**Q** 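The structure's right below; bear with me while I get my questions together.
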Amino acid sequence: MKVVEHLARATRPLISFEIIPPLRGGTLQRLLELIEGLQRFAPPFIDITSHSAEAAYDEQRDGTVVRRVRRKRPGTLGVCALIQNKYHIDTVPHVLCHGFTREETEDVLIEMRYLGIDNVLAVRGDDPGFAKPVRADRSVNRYASELVEQIVHMNHGQYLDEELLDADPTSFCIGVGGYPEKHFEAPNLATDIHNTKKKVDAGAEYIVTQMFFDNTDYFRYVDLCRASGITVPIIPGLKILTSRAQVTSLPRTFFISLPDALTEEALAADPKHVSDIGVEWAIRQTEDLLAKGVSSVHFYIMQSSEAITKVLARVKL
């Protein structure tokens, strides 16, 4: 089922999750344990992140530096197929611009259709520090809005591969990202929302936001989006603070800010109690969102269900 259909049919608040594939060379055991921990909450869908190849610089014993290009977390498509067929939960694979040609994107989207996947999240992706050479007979999507356009064309039966001219159209529900505190490359929030509207005008059917820790940022963002003419659902994305290290790593990695009250409490606490502080903060955030009429909340889980289990045990849905 499509994400927008889940939202339209819901009779209670929906809770969805985002997880990451195992590291290259890893096993599925930990991932299976995570999914089994999450399925008790009956998520309508689970997002699976995708990662392009990235450059890394390894220093050798002799002091020389070797540049290596590797994909650290392949397997998005396989994880999606596993979840849908083993657990019967709809999946939302992330599809990237960076690191992939439009032709490669078309191929993977066709595979997704064969696997019965109805949803995709179209994102530009972070700069991997590596630009794969593009052959003269290939092309790339530079922005998420262009990627959305490509998927919409496929939904209309328009393919890049001439051998697919008579193929059935795809029927993907397309989601995109939104940034309550603005994308770090945008000069201001107004410009960022203008760019988000381009994605919606291109055919995106819903928005899921970057994580935020102050609900005021989310509601301001929604109001500004509505004022700009964006009418699609805007699903808030939350992350539970689970360690003192995340006080600095989350802002640095995701270009977000943490409220002073949360930061001060986490830094002053015994490190083993920081997760409890994060849980309490997330409970208050979630309850406030639901009390103000938000019908769906998306949690960035990544690798452990322990904290979200504590949150949802106390939130009334």
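None of the values given here were measured: they were computed from a predicted structure.
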**Q** Parallel, tilted or perpendicular, judged at 30° and 60°: which one describes the rings of Tyr218 and Phe212?
**A** parallel
**Q** Taking C-beta and beyond as the side chain, do Arg113 and Phe172 meet within less than 4.5 Å on heavy atoms?
**A** yes
**Q** Under 4.5 Å between any side-chain heavy atoms of Leu258 and Gln246, yes or no?
**A** no
**Q** Indicate yes or no: at least one non-hydrogen side-chain atom of Ile35 is less than 4.5 angstrom from one of Ile19.
**A** yes
**Q** Determine yes or no for a side-chain-to-main-chain donor-acceptor pair under 3.5 angstrom, with Thr76 supplying the side chain and Pro93 the backbone.
**A** no
**Q** Are the side chains of Ser171 and Lys2 in touch, meaning some heavy atoms are under 4.5 Å apart?
**A** yes
**Q** Considering only NZ, NE, NH1 and NH2 on the basic side and carboxylate oxygens on the acidic side, decide whether Lys292 and Asp288 come within less than 4.0 Å.
**A** yes
**Q** For the hydrophobic clusters of this structure (ILVMFWY residues joined by side-chain heavy atoms under 4.5 Å, transitively), does one cluster hold both Val148 and Leu160?
**A** no
**Q** Between Phe184 and Phe255, what is the ring plane arrangement, given parallel below 30°, perpendicular above 60°, and tilted in between?
**A** parallel
**Q** Please examine the side chains of Thr170 and Tyr159, heavy atoms only from C-beta on, and report whether any two atoms are closer than 4.5 Å.
**A** yes
**Q** Consider only side-chain heavy atoms of I, L, V, M, F, W and Y, link residues closer than 4.5 Å, and tell whether Tyr179 and Val176 are in one cluster.
**A** no
**Q** At what distance, to the nearest 0.5 angstrom, does CD of Glu185 lie from CZ of Arg124?
**A** 4.0 Å
**Q** Is there a donor-acceptor pair under 3.5 Å between the side chain of Arg244 and the backbone N or O of Leu267?
**A** yes
**Q** Looking at Arg220 and Asp223, is there a salt bridge between them, counting it only when a charged N and a carboxylate O are closer than 4.0 Å?
**A** no
**Q** Ignoring hydrogens and geometry, is there a side-chain-to-backbone donor-acceptor pair from Lys199 to Ile207 under 3.5 Å?
**A** no
**Q** Glu106 side chain to Asp161 main-chain N or O, any donor-acceptor pair under 3.5 Å?
**A** yes
**Q** Check the orientation of Phe299 and Phe17. Use parallel for under 30°, tilted for 30 to 60°, and perpendicular for over 60°.
**A** tilted
**Q** Any Lys/Arg nitrogen of Glu306 or Lys310 sitting under 4.0 Å from an Asp/Glu carboxylate oxygen of the other?
**A** yes
**Q** Is there a side-chain contact between Phe219 and Val294, using heavy atoms and a 4.5 Å cut-off?
**A** yes
**Q** Between Asp217 (side chain) and Pro180 (backbone), is there a donor-acceptor pair under 3.5 Å?
**A** no
**Q** So if you build clusters from Ile, Leu, Val, Met, Phe, Trp, Tyr with side-chain heavy-atom gaps below 4.5 Å, do Ile240 and Leu317 land together?
**A** yes
**Q** Any side-chain to backbone donor/acceptor pair from Thr253 onto Leu250? Under 3.5 Å, distance only.
**A** no
**Q** Look at atom CZ of Arg226 and say whether more than 12 heavy atoms of other residues, nucleotides or ligands are closer to it than 6.0 Å.
**A** yes
**Q** With a 4.5 Å limit on heavy-atom distance, are the side chains of Ser275 and Thr242 in contact?
**A** yes
**Q** Is the backbone of Ile277 close enough, under 3.5 Å, to the side chain of Glu265 for a donor and an acceptor to pair up by distance?
**A** no
**Q** Do Leu14 and Ile235 have side-chain heavy atoms sitting under 4.5 Å apart?
**A** no
**Q** Quick check on side-chain contact (heavy atoms from CB on, under 4.5 Å): which of Val208, Ile48, Asp47 does Glu18 satisfy it with?
**A** Asp47
**Q** Report yes or no: does Asn119 contribute a side-chain atom to a donor-acceptor pair with the main-chain N or O of Val3 at less than 3.5 Å?
**A** yes
**Q** Just by distance, do the side chain of Thr91 and the backbone of Ile46 share a donor-acceptor pair under 3.5 Å?
**A** no
**Q** Between Lys86 and Glu36, is there a salt bridge with N-O shorter than 4.0 Å?
**A** no
